[in-house]
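Here's the structure we're looking at; comments come further down.
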Amino acid sequence: MINERDWQQEQERLEQVSEKLQQRIAELEPEVAGLHSQAGDIRKRFWEEVTVNTSSDEDFEETFHSIKQQEALLSERERSYRLRVQQWNNMKRLLKSPYFGRIDFQEDGLGFSEQIYIGVSSFVDSDGLSFLVYDWRTPIASMYYDYPPGKASYDTPGGRIAGTMELKRQYQLSAGKLHNVIDTSLTIGDELLQQALGQSADTQMKTIVATIQKEQNAIIRDDKSRMLIVQGAAGSGKTSAALQRVAYLLYKHREKLKADQIVLFSPNPMFNSYVSTVLPELGEENMQQTTFQEYLEHGLGEALRPEDPFDQIEYTLTEQSTQAYKARLMGIAYKASTAFLQALRNYAGWLEREGMRFNGIRFRDRDLITAEQMATQFYGYDPTTRLANRVALLQEWLLKQLADLERKEKDELWVQEELNYLDNDQYAAVHSELHKDRGVFEFAEKYETIQEILQNKPRRDEADFDYAEREEELLRRMVVKEQFKPLRRSVKRMAFIDMVGLYAQLFGGANDYRTMTNEIDVPELWSDIGEQTKGKIERLELFYEDATPYLYFKELVEGVRMNTEVRHIFVDEGQDYSMFQYEFLKRLFPRARMTVLGDFGQAIFTQATELYGTGGDSPLIQLYGEPDTNLIRLVRSYRSTREIVEFTRELLPGGQEIIPFDRRGPKPLLLKADSSEQLAARITEELSALQAEGFASIAVITKSAAESREAHVLLTAHGCPSLRLVTKRTPSFEKGTLVIPAYLAKGIEFDAVLIYDASSNTYHRESERKLFYTACTRAMHRLLLFAAGEWTPFIQAVDSSRYEMKG
């Protein structure tokens with residue numbers, strides 16, 4: 001604590017800043033209302049202020065400029081309104097708690113020090129020069145996170161500024177009152193961080209700008225790396241730091257970077273809801289949020305339905321006894337590998353010489369252009385032309401062929417029959433166009449047919465014009481054109497390529513696969529893998545492990561449909577992505593920088609690989625190259641109490657590297673039961689006790705969705721109050737008592753966690769260790785583990801001093 005004199009000075013300053021904030025808010029309110037009203041009036045009167053006249057070229061040009069002028073005026077008013085609203089909201093946000101930190105800094109060569117107060121946004125005094133509060137993202141504020149009192153420096157666009165930090169102070173403020181002031185030598189005083197971490201879990205993640213640690217600040221302010229990899233222990237603040245990083249990037253590059261140019265790939269839709277309020281709390285718009293599964297579904301369209309990753313993991317956790325299990329797991333691993341990636345590239349090269357498959361174009365039960373004709377044309381192009389370029393050439397040829405066939409088709413008998421069923425409006429439209437002075441040419445622009453009729457023919461006088469003949473000619477062209485529309489559309493969508501057949505063609509015999517791909521090390525159970533894959537494709541479905549390779553191969557054939565607008569990609573739970581998927585993302589977003597957040601200790605999906613090697617030979621580091629890649633490791637865990645971290649880190653090989661934050665609590669509690677009925681009764685009893693203790697967010701975590709359904713039924717039957725079942729379709733995270741599979745709980749934290757069944761019957765395979773670890777590390781304050789039978793080997797290996805047993 002500080003002395004009474006300093007306390008009084010701080011309270012007086014806080015009152016002064018709060019008063020000036022209130023004044024500024026009052027000044028902005030009429031401006032905001034006025035600009036909103038002006039913009040609304042301009043919208044209402046938009047066409048009243050514009051004279052529309054297109055009778056001549058000059059009148060048309062005048063109309064165009066009039067519209068542009070009115071549009072510019074409206075745009076300027078709306079920009080001013082948005083700017084004022086943002087300022088107004090920032091002031092109101094600051095009013096609750098104007099700042100959270102202060103540093104006194106004396107720059108080298110200057111004879112005075114400056115008091116820097118730091119908050120969630122900047123606030124400048126009425127003179128327009130004096131900063132009463134500095135935004136936490138400003139360069140000078142970085143010293144608050146990076147240095148103790150003493151020598152310090154910060155980077156600016158003009159170079160590095162060095163000096164001495166004479167004071168570092170932290171505040172707890174609310175409603176214009178000073179509650180706590182601490183002078184500290186650390187980034188964040190333990191007392192304030194203890195209070196922040198000791199709070200109850202919330203339904204949505206909160207901003208951490210007041211408690212950012214030095215290593216998290218390095219993540220937030222990294223503005224040079226093409227690839228930033230964050231390998232962090234459970235509860236180390238990876239995701240929180242990443243979201244503050246988004247806010248920092250939007251602040252620093254506000255003139256050229258917009259929120260919709262940043263994409264966050266979340267582990268599931270519920271997680272999107274969980275993190276959705278962080279950026280608005282900081283006064284920024286939310287970036288685009290999606291899941292990789294949603295991206296796959298968008299890319300595949302209606303052609304194929306992909307399995308989702310949760311169905312895949314449910315299979316791996318529950319179907320061990322089936323005959324197909326070993327081949328499926330082998331297929332998952334291989335299809336996620338860089339070997340399969342290279343095999344697909346080689347396959348595309350093979351298709352340049354032979355093997356392409358096409359869908360013939362049929363019309364009214366007859367072949368217009370056969371698959372054989374397409375193949376002949378395709379392989380008639382220069383053999384040095386790349387596959388995707390040849391496909392583009394073939395597409396042009398097909399569109400020309402269709403245009404020729406369309407002209408010939410108008411004389412077919414079916415066209416005459418169709419004419420008999422045209423409505424009066426269609427006849428009237430053609431009749432009207434033919435009788436207009438310039439109608440023929442206007443009609444040509446609309447229907448793209450008249451120009452061909454009159455091409456190379458001298459114009460006749462009206463008396464010499466056979467309207468009946470011309471009318472029928474135009475109507476025939478209209479009918480045929482309408483019928484050919486779907487054919488042209490399908491060619492433009494590349495439907496003439498048999499993509500499904502081409503991908504399925506890979507999964508024949510092992511020798512054929514080697515020939516097509518130059519792959520030597522074909523998986524042992526290739527025949528079974530092939531049968532499983534083709535069986536799924538025949539139902540117009542794809543395994544999850546096939547979806548990315550299929551889309552990647554599709555782009556090799558048809559050409560890359562890249563997104564050049566997106567500038568930053570954030571991948572959360574990055575350890576559950578394969579290198580194949582990272583290659584695909586890099587290809588889709590060629591101009592984007594990538595931030596990957598992950599914990600290999602929580603790599604629970606079969607396709608996951610160790611991406612975070614210590615050297616430059618790590619696959620993920622090689623994605624953009626070592627010079628453009630920055631790897632930051634976070635080893636301190638803040639989420640859970642020291643007792644929970646000391647227990648959970650023993651579940652992992654190498655877990656001793658994880659450092660617990662010194663927040664104390666009860667040791668994990670182990671409770672055994674003799675039957676599933678007794679297990680449910682004991683869980684119900686403990687849940688009631690936790691609820692009575694005031695915990696608002698409690699999770700009963702199961703191994704799988706199947707076990708979640710079983711637990712929900714059993715616990716409900718035992719009278720467990722207000723129990724909600726969470727599934728992969730649950731849209732948002734809510735407080736209360738939940739039953740949830742471990743793989744859906746990733747990235748979320750709870751006040752208390754109950755592991756539904758930690759017996760060796762449920763968790764016994766080494767491949768399930770990380771899933772068990774993930775489940776246990778969701779707990780902030782309490783961890784209880786139950787078992788009907790012997791404990792899982794993972795617990796048996798833990799030092800018994802790390803937990804307590806109860807009856």
Side-chain angles (χ1 to χ4, degrees), residues 267-268 270 307-322 325 328 604-606 668-691 697-731 733-734 736-746 748 750 752-765 767-779 782-795 806:
N268 55 60
M270 186 171 68
E307 174 190 48
D308 67 46
F310 307 119
D311 286 341
Q312 185 201 67
I313 194 172
E314 195 70 19
Y315 176 90
T316 64
L317 293 174
T318 60
E319 301 294 327
Q320 299 97 319
S321 61
T322 60
Y325 186 77
R328 175 76 196 277
I604 63 174
F605 287 91
T606 308
L669 183 60
L670 276 59
L671 302 97
K672 191 177 281 191
D674 296 326
S675 65
S676 59
E677 287 292 325
Q678 189 184 38
L679 181 76
R682 299 204 71 171
I683 292 175
T684 303
E685 179 185 342
E686 295 296 335
L687 279 174
S688 298
L690 289 167
Q691 289 168 344
S697 175
I698 304 172
V700 178
I701 300 184
T702 63
K703 176 182 172 181
S704 65
E707 191 180 56
S708 279
R709 291 190 293 269
E710 172 194 308
H712 185 258
V713 170
L714 206 53
L715 293 174
T716 302
H718 277 75
C720 188
S722 306
L723 195 63
R724 291 202 313 277
L725 178 65
V726 175
T727 71
K728 65 181 183 180
R729 292 184 176 83
T730 301
F733 175 56
E734 298 177 5
T737 304
L738 313 177
V739 179
I740 183 171
Y743 54 79
L744 287 181
K746 285 168 68 70
I748 301 174
F750 305 90
V753 165
L754 296 85
I755 304 299
Y756 179 72
D757 186 3
S759 73
S760 58
N761 289 330
T762 301
Y763 294 99
H764 58 273
R765 297 186 301 166
S767 61
E768 295 161 344
R769 178 184 292 275
K770 291 175 180 178
L771 185 71
F772 185 70
Y773 170 79
T774 299
C776 293
T777 54
R778 301 306 94 202
R782 297 290 177 81
L783 175 61
L784 293 81
L785 301 97
F786 299 81
E790 291 298 314
W791 293 105
T792 169
F794 312 142
I795 289 180
K806 184 176 178 180

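We use all heavy atoms of the structure for the numbers below, so side chains are in, but hydrogens, waters and symmetry mates are not. This one's a predicted model, so the numbers in the text were calculated from it and none came from an experiment.
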Worksheet item: Where do Ala775 and Ile755 come nearest, in terms of heavy atoms and distance?
Response: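 Ala775 and Ile755 have their closest heavy atoms at CB-CD1, 3.7 Å.
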
Worksheet, complete the sentence: Heavy atoms of Ala742 and Leu771 approach each other most closely as CB-CD1, 3.7 Å

So, taking the atom named [atom1] in [X] and the one named [atom2] in [Y], what distance separates them when rounded to the nearest 0.5 Å?
X	Y	atom1	atom2	answer
Glu707	Leu714	CD	CG	11.0 Å
Leu783	Leu670	CG	CG	8.0 Å
Glu685	Leu671	CD	CG	8.5 Å
Glu319	Tyr325	CD	OH	9.0 Å
Asp311	Thr316	CG	OG1	11.0 Å
Lys672	Arg682	NZ	CZ	11.0 Å

Practice prompt. Check side chain to side chain contact (heavy atoms under 4.5 Å, CB included) between Arg724 and all other residues, then give those that pass, not counting sequence neighbours.
Written response: Glu734, Leu738

Item to complete: With sequence neighbours left out, write down each residue that passes side chain to side chain contact (heavy atoms under 4.5 Å, CB included) with Pro267, or none if nothing qualifies.
Response: Phe271, Asp572, Glu573

Close side-chain approach of [X] and [Y], heavy atoms under 4.5 Å:
X	Y	result
Leu785	Phe772	yes
Leu679	Tyr756	yes
Ile748	Arg778	no
Leu690	Leu784	yes
Leu725	Arg709	yes

Main-chain N/O of [Y] paired to [X] side chain as donor or acceptor, under 3.5 Å:
X	Y	value
Glu314	Ser704	no
Thr762	Ala758	no
Thr716	Val713	no

Worksheet entry | Pairing of Glu686 and Arg782 as salt bridge, 4.0 angstrom limit |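 Salt bridge absent between Glu686 and Arg782.
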
Worksheet item: Of the options Ile698, Val739, Thr684, which is the one that meets Leu723 in a side chain to side chain contact (heavy atoms under 4.5 Å, CB included)?
Response: Val739

Discussion item. Does either side chain, that of Ser708 or that of Thr702, offer a donor lying less than 3.5 Å from an acceptor on the other one?
Written reply: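 Side-chain D/A pair, Ser708 to Thr702: present.
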
Determine all donor-acceptor pairs shorter than 3.5 Å in which one atom belongs to a side chain in residues 787-794; sequence neighbours excluded.
residue: Thr792; atom: OG1; partner: Tyr763; partner atom: O; Å: 2.7
residue: Thr792; atom: OG1; partner: Phe794; partner atom: N; Å: 3.3

Discussion item. A cation-pi test, strictly: NZ or CZ of Arg328 under 6.0 Å from the centre of the six-membered ring of Tyr315 and no more than 45 degrees from its axis. Yes or no?
Written reply: yes

